[in-house]
Amino acid sequence: MTAKNRYKSLELETPGVYELEGLEVGVTSNCNFKCDYCCAYNRDDGQCIDAQEVIRIIGELPRLKRVRLSGGEVTLKYQDCLDIVTYCAAHGIDTQLNTNASLLTEERIHALRDAGLSNIHISFNYIDANAYSAYYRVHPRMYERLERNIRLCTEAGLETVLETLLFEGTQANMLAISQKVYDLGVRIHEIQNSIMMPHSDWSSIVSWESLVRSVKELIEFKKEDITLYFTCMDRFADLLGLHEQPGGVYFSNCVDGTKQLHLHGNGDILICELCHPVVIGNIYHGTSLKEIYAKQPPALADFLENRPCPAYDALFTGE
């Protein structure tokens with residue numbers, strides 16, 4: 001029987017009042033992978049934010065429901081992550097760790113679980129070591145490590161989410177990837193629609209025809225005990241005839257900019273690191289996260305009024 005992921009519950013609510021309930025923290029901008037598709041804001045600029053500073057910031061946000069730790073590769077600052085997760089768990093705040101899993105060990109996985117991590121979120125786009133190596137620009141043996149660490153997460157009872165980007169490189173293999181996700185013991189598979197990334201000239205997005213075909217196949221062949229979350233599709237899912245279904249098929253609401261913001265290591269606040277990497281303030285230069293929706297910076301007010309969606313634009317440009 002499938003069940004809703006507690007961390008994802010914010011994205012399954014009907015959008016309401018704009019307030020900060022989710023915070024993504026770019027703990028470090030550094031990364032040991034060099035993926036073509038990377039949404040990291042100022043990757044490898046050397047900016048980091050330590051645990052005590054993050055805890056101080058979180059402590060000033062009484063309405064916060066969840067914290068996502070990301071990078072760069074977040075586990076390059078493993079101890080900071082562990083300290084932040086421990087604090088959040090003690091204060092009723094759900095946490096997600098976004099990682100490429102390359103630096104995990106059994107000891108670290110168990111420590112994160114015991115600290116109260118809500119779920120670990122790992123990119124999973126390939127089931128072939130050579131294709132994985134070429135995409136992430138790492139040695140093919142890293143794929144073996146990826147599989148091993150995913151299994152360690154599931155065996156440890158740590159709720160594990162594998163995310164697959166639906167783009168030109170994966171569209172023909174989505175069912176095989178989904179089967180591999182299941183075989184690794186994972187029961188939550190997130191499928192993210194691709195968007196163009198102007199900062200890296202990445203534009204390998206799928207057509208809407210390919211998107212519809214892939215999504216419908218994934219739903220048709222879904223195992224009974226797995227949950228599918230389709231993200232970056234909510235603004236046009238109905239238009240394409242795609243709908244949530246009982247038994248664990250969700251088209252998550254986008255909360256970036258309305259309920260969640262991104263904090264970079266240098267204090268910059270972004271609406272969304274992936275879809276709308278617009279800086280709307282800096283916590284060290286007068287912007288209060290606690291009051292940011294009450295005293296909306298112009299860029300945030302403009303976003304809330306117009307609600308731009310690059311995922312929609314990428315699929316329907318010219319129509």
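Because the structure is a prediction, the values reported are computed rather than measured. The figures that follow rest on heavy atoms only: side chains count, while hydrogens, waters and symmetry mates do not. Heads up: numbering here begins at 1 and tracks the sequence.
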Discussion item. With heavy-atom distances below 4.5 Å as the criterion, would you say the side chains of Ile109 and Leu158 are in contact?
Written reply: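 Sidechains of Leu158 and Ile109: in contact.
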Item to complete: Check whether any side-chain heavy atom of Cys232 lies under 4.5 Å from a side-chain heavy atom of Cys275, and answer yes or no.
Response: yes
Item to complete: Using the side-chain hydrogen bond (donor to acceptor under 3.5 Å, both in side chains) rule, collect all pairs that involve residues 123-134, keeping only residues at least two apart or in two chains.
Response: Asn125-Tyr136
Counting only heavy atoms not in [X], do more than 12 fall under 6.0 Å of its [atom1]?
X: Glu107; atom1: CD; answer: no
X: Arg141; atom1: CZ; answer: no
X: Glu144; atom1: CD; answer: no
X: Arg63; atom1: CZ; answer: no
X: His285; atom1: NE2; answer: no

Discussion item. Taking the ring of His276 and the ring of Phe303, is the distance between their centroids below 6.0 Å?
Written reply: yes
Discussion item. Determine whether the aromatic ring centres of residues Tyr135 and Phe167 are separated by less than 6.0 angstrom.
Written reply: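 Here the rings of Tyr135 and Phe167 have centres that are less than 6.0 Å from each other.
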Worksheet item: What pairs of residues pass the salt bridge (Lys or Arg N to Asp or Glu O under 4.0 Å) test when at least one of them lies in residues 116-126, not counting sequence neighbours?
Response: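 Output for this query is empty, none listed.
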How far does [atom1] of [X] sit from [atom2] of [Y], to the nearest 0.5 angstrom?
X: Met174; Y: Gln179; atom1: CE; atom2: CD; value: 13.5 Å
X: Ile271; Y: Gln260; atom1: CD1; atom2: CD; value: 12.5 Å
X: Asp94; Y: Asn119; atom1: CG; atom2: CG; value: 8.0 Å

For the pair [X] and [Y], find out whether any cationic side-chain nitrogen is under 4.0 Å from an anionic carboxylate oxygen.
X: Arg6; Y: Glu159; result: no
X: Glu19; Y: Lys290; result: no
X: Glu11; Y: Arg66; result: yes
X: Glu220; Y: Lys216; result: no

Is a side-chain N or O of [X] found less than 3.5 angstrom from the main chain of [Y], in a donor-acceptor match?
X: Asp80; Y: Val27; answer: no
X: Arg145; Y: Ser102; answer: yes
X: Lys77; Y: Ala51; answer: no

Worksheet item: Taking the inter-plane angle between the rings of Tyr293 and Tyr18 on a 0 to 90° scale, is it parallel (under 30°), tilted (30 to 60°) or perpendicular (over 60°)?
Response: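 Tyr293 vs Tyr18 ring planes: tilted.
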Practice prompt. Report the residues that fulfil side chain to side chain donor-acceptor pair (under 3.5 Å) with Lys295, sequence neighbours left out, ordered by chain and then residue number.
Written response: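 Per chain and number, Lys295 pairs via side chain to side chain donor-acceptor pair (under 3.5 Å) with Glu291.
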Worksheet item: side chain to side chain contact (heavy atoms under 4.5 Å, CB included) between Ile205 and Leu166: does it pass, once the steps are laid out?
Response: CA-CA 8 Å; Ile205 62 170; Leu166 180 50; over 6 Å; no
